[in-house]
Protein chains: 2
Amino acid sequence: MTKAVGQPLALDDESPSRTINETTYRHLRSDLLRCHFAPNARLRFDELRLRYGVGVSPLREAMSRLQSEGLIEIESHKGARVTGISVTDFLDLAELRITIEGAALAKAIERGDDRWEAELAGAFQYLLRVEERMSEDLAGNDERELRHGRFHTVLVSACGSRRLLDFRAVLYAQAERYRHLALAYTKGTHPKRDSLEEHRRLMAAAVARKSKEACALLRDHLQLTTELALSAVRELEG
Amino acid sequence: MTKAVGQPLALDDESPSRTINETTYRHLRSDLLRCHFAPNARLRFDELRLRYGVGVSPLREAMSRLQSEGLIEIESHKGARVTGISVTDFLDLAELRITIEGAALAKAIERGDDRWEAELAGAFQYLLRVEERMSEDLAGNDERELRHGRFHTVLVSACGSRRLLDFRAVLYAQAERYRHLALAYTKGTHPKRDSLEEHRRLMAAAVARKSKEACALLRDHLQLTTELALSAVRELEG
DNA sequence: ATTACCTAGATTTTCGAAAACTTACACTCT
DNA sequence: AGAGTGTAAGTTTTCGAAAATCTAGGTAAT
């Protein structure tokens with residue numbers, strides 16, 4: 001039995017957490033991405049143990065994992081800190097993401113099948129609805145972030161390489177922290193940007209298998225996001 | 001004080017292990033790369049604890065880390081196994097490595113400074129000597145692997161992105177396992193290949209800042225390695 | 001014969017305390 | 001004053017046992 005090649009690979013979120021280790025990892029990760037712990041903040045084991053109501057073993061494992069994802073930094077016998085931010089790091093991250101997301105997108109366009117197209121259309125629909133709601137009342141920023149992330153994940157999910165997708169997801173998470181900080185700093189998104197239209201054109205090019213065009217649109221999308229956040233990051237660095 | 005940009009980033013090996021966690025990680029990782037544990041082999045905590053003489057906590061952390069590097073796979077409450085091998089996985093890995101190593105090399109050529117050139121020359125010299133020795137007596141295969149790995153690490157070390165280098169290192173380690181298996185299967189390297197000359201030209205192009213040429217040479221180098229190992233991997237899969 | 005259920009043994013996961021290490025502060029000596 | 005030293009408190013790391021979960025084998029019911 002040969003496995004279908006163009007099918008999107010599983011989105012490794014929504015699997016049930018069967019261990020304290022796993023739930024602690026998700027909880028702490030979420031707290032880091034929301035910047036509940038500020039960059040460079042010290043993370044003491046006792047505090048975290050109390051906060052999540054767990055013992056040291058699962059906590060240490062969760063932290064070890066988050067270190068390898070670049071969200072925290074641990075020094076032997078000296079404790080852990082939230083990874084710091086800087087303009088140079090932000091730009092390095094942004095540049096690398098263009099390379100990686102681009103490579104993944106190109107392969108997904110090459111290999112994506114009907115199911116991929118359908119899931120992409122579905123993810124876009126979710127995004128569309130939340131954007132509509134956002135323009136009325138202001139609530140639901142978390143939901144928007146969730147659906148935006150999901151769209152981009154689905155977009156490249158058919159690339160065929162679990163490795164590449166995992167690395168992309170790590171970079172996406174690192175960038176999410178910067179996005180969140182920049183958003184909190186500027187109090188709200190830039191209104192002059194038609195983010196939904198960007199995604200629509202990106203999806204259209206992908207489904208039409210226009211690889212070059214899709215990658216260019218993706219590059220522009222990422223670069224614009226970077227530019228809009230840059231001034232905020234610049235302020236936050238000092 | 002601004003940090004020098006073209007300088008090679010630290011090679012995160014040779015730092016002293018201050019914790020049992022760290023030494024266990026290195027020990028187990030080394031055992032996996034040498035295929036002391038075969039692909040798909042079950043890894044029981046008790047066995048490993050006995051083997052390395054450690055408690056569960058550092059062992060679990062080490063294994064958790066190796067899972068995130070794709071060398072083992074852990075299922076909740078069911079135990080751990082050495083990651084399996086397959087032709088499709090091998091080819092996916094090889095293709096991704098060309099992309100990632102290529103991207104890193106291009107940037108290193110762009111940004112590398114005098115120190116980078118000097119370290120590269122040094123790494124090549126080490127490789128040269130071990131290759132000479134290899135053609136006389138047959139011993140020292142481990143040393144060759146070490147110096148070969150070091151050369152390629154130094155080659156891209158000036159790329160400026162810690163993230164990219166770390167990801168590259170993970171892929172390199174995964175490939176090392178395939179190389180090792182293929183080598184053991186075919187009993188010795190292909191004599192018709194002038195590996196040293198490939199590296200010499202690669203270095204020359206890099207130092208001469210001929211980016212396109214260097215990347216092409218690197219691609220060929222990787223592809224040739226892949227092709228030579230492929231038949232062995234094909235046999236081993238069944 | 002097959003399925004469902006139960007139990008004992010094997011294995012993994014988690015906890016809490018002990019051990020190892022770092023940091024901060026007071027003290028002494030030059 | 002400043003450098004060095006020792007000690008106590010704070011923090012991280014590790015161990016060993018207890019708890020939770022999985023697996024295999026046997027028994028009973030259909």
Side-chain angles (χ1 to χ4, degrees), chain A residues 12-32 36-84, chain B residues 12-32 36-84:
Chain A
D12 52 9
D13 33 15
E14 73 222 9
S15 64
S17 335
R18 314 181 61 77
T19 65
I20 296 184
N21 178 6
E22 185 70 18
T23 56
T24 306
Y25 162 76
R26 294 195 192 178
H27 208 150
L28 179 51
R29 180 173 188 272
S30 160
D31 282 344
L32 288 167
H36 176 266
F37 300 108
N40 293 110
R42 177 90 190 269
L43 296 172
R44 260 174 270 261
F45 281 91
D46 275 335
E47 285 177 22
L48 297 181
R49 239 179 53 205
L50 221 60
R51 178 176 173 83
Y52 302 121
V54 301
V56 284
S57 316
L59 180 58
R60 277 187 66 87
E61 268 181 70
M63 291 176 73
S64 168
R65 213 165 141 190
L66 290 165
Q67 177 178 39
S68 75
E69 292 175 18
L71 294 177
I72 71 178
E73 286 167 348
I74 307 177
E75 258 189 311
S76 306
H77 294 286
K78 292 195 181 171
R81 297 189 164 282
V82 180
T83 301
Chain B
D12 52 7
D13 33 15
E14 73 221 8
S15 63
S17 338
R18 314 180 61 77
T19 64
I20 297 184
N21 178 6
E22 184 70 18
T23 56
T24 306
Y25 162 76
R26 293 195 193 178
H27 207 149
L28 179 50
R29 181 173 188 271
S30 161
D31 281 344
L32 288 167
H36 176 266
F37 300 108
N40 293 111
R42 176 89 189 266
L43 297 172
R44 259 172 271 260
F45 281 93
D46 275 333
E47 285 177 22
L48 297 181
R49 241 180 51 206
L50 221 61
R51 178 175 173 85
Y52 302 121
V54 301
V56 284
S57 315
L59 180 58
R60 277 186 66 86
E61 267 181 71
M63 291 176 75
S64 167
R65 213 164 139 192
L66 289 164
Q67 177 178 39
S68 75
E69 292 174 19
L71 294 177
I72 70 177
E73 285 167 348
I74 307 178
E75 258 188 311
S76 306
H77 295 288
K78 292 195 181 171
R81 297 189 163 281
V82 180
T83 301

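In the text below, chain A, chain B and the rest are named by the order of the sequence lines, each starting its count at 1.
Out of D:dT12, D:dT14, C:dC15, the shortest distance to the side chain of B:Ile20 is found at D:dT14. Candidate nucleotides C:dT14, C:dT22, D:dT11 were compared by shortest atom distance to the side chain of A:Pro58, and C:dT14 ranks first. Nearest nucleotide to the side chain of A:His77, out of C:dC21, C:dC15, C:dT13: C:dC21. Closest to the B:Asn21 side chain, of the nucleotides D:dT14, C:dT14, C:dT11, is D:dT14. Here D:dT13 is the nucleotide among C:dT23, D:dT13, C:dG16 with the atom lying nearest to any side-chain atom of B:Thr19. Side-chain proximity of B:Val56 to the nucleotides C:dT23, D:dG16, D:dC22 is greatest for D:dG16.
For B:Arg44 and D:dC22, the shortest distance from a side-chain N or O to OP1 or OP2 is not below 4.0 Å. Between A:Arg18 and C:dT13, a side-chain N or O to OP1/OP2 separation shorter than 4.0 Å is absent. Contact annotation: A:Arg60 side-chain N/O to D:dC15 OP1/OP2 distance is not under 4.0 Å.
Checking side-chain atoms of B:Glu61 against main-chain N and O of B:Asn21 turns up no donor-acceptor pair under 3.5 Å. The closest donor-acceptor contact from the side chain of A:Thr23 to the backbone of A:Ser17 lies at 3.5 Å or more, if one exists at all.
To the nearest 0.5 Å, atoms CZ (A:Arg65) and CG (A:Leu28) are separated by 11.0 Å.
Along DNA chain C, the nucleotide nearest to A:Ser57 and the one nearest to B:Arg42 differ in position, and the one closer to the 5' end is contacted by B:Arg42. Residues B:Lys78 and A:Gly53 both approach DNA chain C. Their nearest nucleotides, taken by heavy-atom distance, put B:Lys78 toward the 5′ side.
For B:Met63 and C:dT14, the CE to C1' distance is 16 Å, given to the nearest whole Å. Between the P atom of D:dC15 and the CG atom of B:Asp46 lies a distance of 14 Å, rounded to the nearest Å. The CZ-C1' distance, from B:Phe45 to D:dA18, rounds to 17 Å in whole Å. Nucleotide D:dC15 holds its P atom 13 Å from the CG atom of B:Leu50, rounded to whole Å. The CD-P distance, from A:Glu22 to D:dT21, rounds to 15 Å in whole Å. In this structure, CD of B:Glu61 is placed 17 Å from P of C:dT12, rounded to the nearest angstrom. Going from atom CG of A:Leu43 over to atom P of D:dG10 covers 20 Å, rounded to whole Å. Between the CZ atom of B:Arg49 and the C1' atom of C:dT12 there is a distance of 11 Å, rounded to whole Å.
Contact check for B:Tyr25 versus B:Arg29: side-chain heavy atoms found under the 4.5 Å cut-off.
By the 6.0 Å contact criterion, CZ on B:Arg18 is open, its count of non-hydrogen atoms from other residues, nucleotides or ligands being 12 or less.
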